[in-house]
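Written out below as structure tokens is the structure these notes cover.
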Amino acid sequence: MVARLYTATLLALYQLTLLLGIMLLPVAMLTEQFGLRLPMDRAVSGLNEAYDQASA
């Protein structure tokens, strides 16, 4: 039961991170012009790996 709740929570966080990344795309493109980068790719890949490990 706890494992299913943990997996479902990771899936929800992963989906929210993807949505946040899409919503922040214009901001990321603007900050890229000034040499700053938003680390959304690391957040998405980290949650993806955690979800894969939990669901396996």
Side-chain angles (χ1 to χ4, degrees):
M1 178 74 174
V2 174
R4 293 184 87 186
L5 181 63
Y6 178 71
T7 304
T9 303
L10 280 176
L11 179 62
L13 284 173
Y14 176 68
Q15 294 293 325
L16 286 172
T17 305
L18 286 175
L19 179 64
L20 185 64
I22 291 169
M23 289 173 41
L24 287 176
L25 185 62
V27 176
M29 292 174 67
L30 182 66
T31 59
E32 185 83 25
Q33 292 179 355
F34 296 108
L36 299 173
R37 236 182 127 207
L38 297 178
M40 288 304 295
D41 57 333
R42 293 190 318 200
V44 170
S45 65
L47 282 169
N48 187 21
E49 288 178 20
Y51 176 73
D52 287 342
Q53 289 178 358
S55 65

Next item on the list: With sequence neighbours excluded, tell me which residues meet salt bridge (charged side-chain N to carboxylate O under 4.0 Å, His left out) with Asp41.
Entry: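 Scan of Asp41 (salt bridge (charged side-chain N to carboxylate O under 4.0 Å, His left out), adjacent residues dropped) gives Arg37.
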Between [X] and [Y], is there a shared hydrophobic cluster once you connect ILVMFWY residues whose side-chain heavy atoms come closer than 4.5 Å?
| X | Y | answer |
| --- | --- | --- |
| Val44 | Leu38 | no |
| Leu25 | Met40 | no |
| Val27 | Ile22 | no |
| Tyr6 | Leu13 | yes |

Next item on the list: Measure the OG1-CZ distance between Thr7 and Arg4 for me, rounded to the nearest 0.5 Å.
Entry: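 That separation rounds to 9.0 Å.
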Item checked: Distance in Å, Met29 CE paired with Leu24 CG, rounded so as to fall on 0.5 Å steps ->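 Here the interatomic distance stands at 13.0 Å.
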Next item on the list: Can you spot which of Asp52, Leu16, Thr17, Leu11 makes a side-chain contact (heavy atoms from CB on, under 4.5 Å) with Leu47?
Entry: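 It is Thr17; the other options fail the test.
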Notebook entry, point to check: Leu10 and Ala50: which non-hydrogen atoms are nearest, and at how many Å?
Noted result: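 Closest heavy-atom pair between Leu10 and Ala50: CD1-O, 3.5 Å.
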